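The structure under discussion appears below in the form of structure tokens.
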Amino acid sequence: MSTTLAASAFSSNPLWYTTRSTAVVGFVLLTIGAVLGVASTQRTLASRAWPRFATQALHRNVNVLGLLFILVHIITTVADSYVNVSAASAVVPGASSYKSLDVTLGTLAFDIFLIVAVTGFLRVRMKEPVWRWIHLLSYLAWPLSMIHFISTGTDGASGKWGFWLAVLATFAVAAAAVLRIVTPNGPQGPARSVA
Amino acid sequence: MTNPWTHRLLAGLEGSGSLSAGDHTSVHGALPAGATRKGGDLALIREIDASGLLGRGGAGFPAGRKVRTVAAGKRPVVVANGAEGEPASGKDVLLMTRNPHLVLDGLAVAARAVGAAELHLALHRGSAARATMTAALRERRDLDVTIHELPGRYVASEASAVVHFINGGDAKPMFRYPEVYERGVGGRPTLVHNVETLAHLALIGRHGSEWFRSVGDVDEPGTMLLTVTTPRGATVAETVTGTTVGTVLDAVGHTFATSGAVLIGGYFGTWVSREQAWHLPLTHYALKAIGGGLGAGILVALPADGVCGLAEAARVADYLARENAGQCGPCFNGLPALAGGLTALATKGHVEPAMSRWLSVVPGRGACAHPDGATRMIASALATFAGEADRHATRGPCADAHRPPLLPVPATTTDWR
Amino acid sequence: MRIRVNPITCEAHGLCAEMLPEWIQLDEWGYPILDGPELPEQLAAHARRAAAACPTLAVLLTKE
């Protein structure tokens, strides 16, 4: 099958539907996960009914679930002979001959998220500043995944419903990022070193 | 009555000015020669252990134990701590300006004991000791000592703060694990000793542990330097351990009849009523037994009247609160709260109900002993001046609460580097 | 298991007290008060989660 058929959104291939649906669900989950990540840093969102560790745990679990969906998305894309995406391009950026740049963005995003996830589990064994810098790379991975969604995805193409989903998601993550930057997160209480 | 003064560390200092290397040797004899070897000098360590010398910087930790631990480490470093941050203390500066060679001899003994090739001296910026120590080092040329000038902050002289500063950081205490005797200057095992402790080592290196133990309290022998402040002024003197507070105060002309309460140890120490203080022997263990500490050999005696103890304590508490390093929540929150409460009691007669809660919750939860010392000082003030506290609360502050301050409280700067 | 808080890195986020209320309470400024340095064995798992939850990794556990 030639790559021109990729423009057609009406393939009845179940793998194709799976790869598209898991992509959307995964993208939404990772978006919610990003917002939850910022929420877990907010002191004002902690209460007896909903402690901060609950938000922390939710952030972690939603992101893990999101990455699992993306994993299925990757596997079904590679397995689908409709588009020629090799297994290597699942983790190696630039290895796909199909829509090379767009797929690369997705690969990169997934690679970064994978490292963030692994270091997240190993956090207590790492030096705190190292963990933090790696975790900050999420702010790079998410936009890469969003652009990948718009450019590679059939549903994310301009004018389609997925495009507006991406716009909404971008606002959400951008707002969360701004909140993260402007909220003072240090210790509360009297000024340090009163003098 | 004969005075209780001795002249071991203060020998030969009857005149004025700094003893030259030659004069110092005439007074104390020459320091026995010895090389600094890797691994230290086991015989010397045993002598220091046997002497029972306790550190004179405030904590009273056995000097021999510190030496032994550092000697066991790789490429150890010795730091002479001459950063005398206590406003009511003058003994370290006196030693360093009047007999710098005694301190340097002590540094040499410590270096030999642990096998250290790298030596440092910590002073406060603007200290009078800088000129005399530099001149003495130039005079002898057997020691290579790097001099560091720390900002004039109260907690800067804490051992880990000194090490942090030498390592390029702020003069703020560090989280104590690992301890500086394991990883200190440049990550190496570091022995930090107060300059008076080193001066004692200089004499133990000459005369041995038996000589050191021949005077003073049987369980805590030797001599010590005291800084005694009374309304008449401040004196630095040397006595044998175990001398009572009353004997010392009488000897400087401050009699029981004219005396009020006494602050013992330093601004981080304990207020003691004159009744309890007068027969109190000056040893670490005797003071620990009454819930206090000998600290850095500081005694501040108030007059019987004319001074409000609560107001003096409140001013000191306020100073200690301002001098926190801003690192640990219980301290930078708790000390201003406690100081505020004590000040309100002293100046307005207002009783802060949260005081006892703060006193129980603040100590032991900082990186250093600053909150512990401040809390102890405040708690002892409330206990010793309980009568005054009652009167302030029921009848308002006494007239003395607003008179000019007696205890010196320096202005607080903002630099840590 | 020994438990300690590095009071300098601690910024009073309070997650440790959420995860280990059996051993950690917060003072009025939000800083942790530990019941003691030696943790009973049955709290070890909760303590590990508390250490992982701290945003500044100020809760330190050592097997001693």
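Values reported hereafter were calculated over all heavy atoms of this structure, with side chains retained and with hydrogens, waters and symmetry mates removed. Note that the structure is predicted; figures quoted are calculated from it, not measured. Here is the naming used below: chain letters follow the sequence lines, and residue numbers restart at 1 for every chain.
- For chain C, the option among B:Ala337, B:Gly364, B:Ala367, B:Cys331 with the highest count of heavy-atom pairs below 4.5 Å is B:Ala367.
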Residues B:Glu86, B:Phe268; criterion side-chain contact (heavy atoms from CB on, under 4.5 Å); working and verdict: CA-CA 9 Å; B:Glu86 273 281 348; B:Phe268 58 89; 2.8 Å; yes

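- Heavy atoms of B:Arg176 lying under 4.5 Å from chain C are absent altogether.
- The closest side-chain donor-acceptor pair between B:Glu84 and B:Ser157, if any, does not fall under 3.5 angstrom.
- If you measure heavy-atom distances from C:Leu34 to chain B, you find no contacts under 4.5 Å at all.
- The two residues B:Val351 and B:Leu345 have their closest heavy-atom pair at CG2-CD1, 4.1 Å.
- Across every non-hydrogen atom of B:Leu150 and B:Ala83, the tightest pair is CD2-CB, 4.4 Å.
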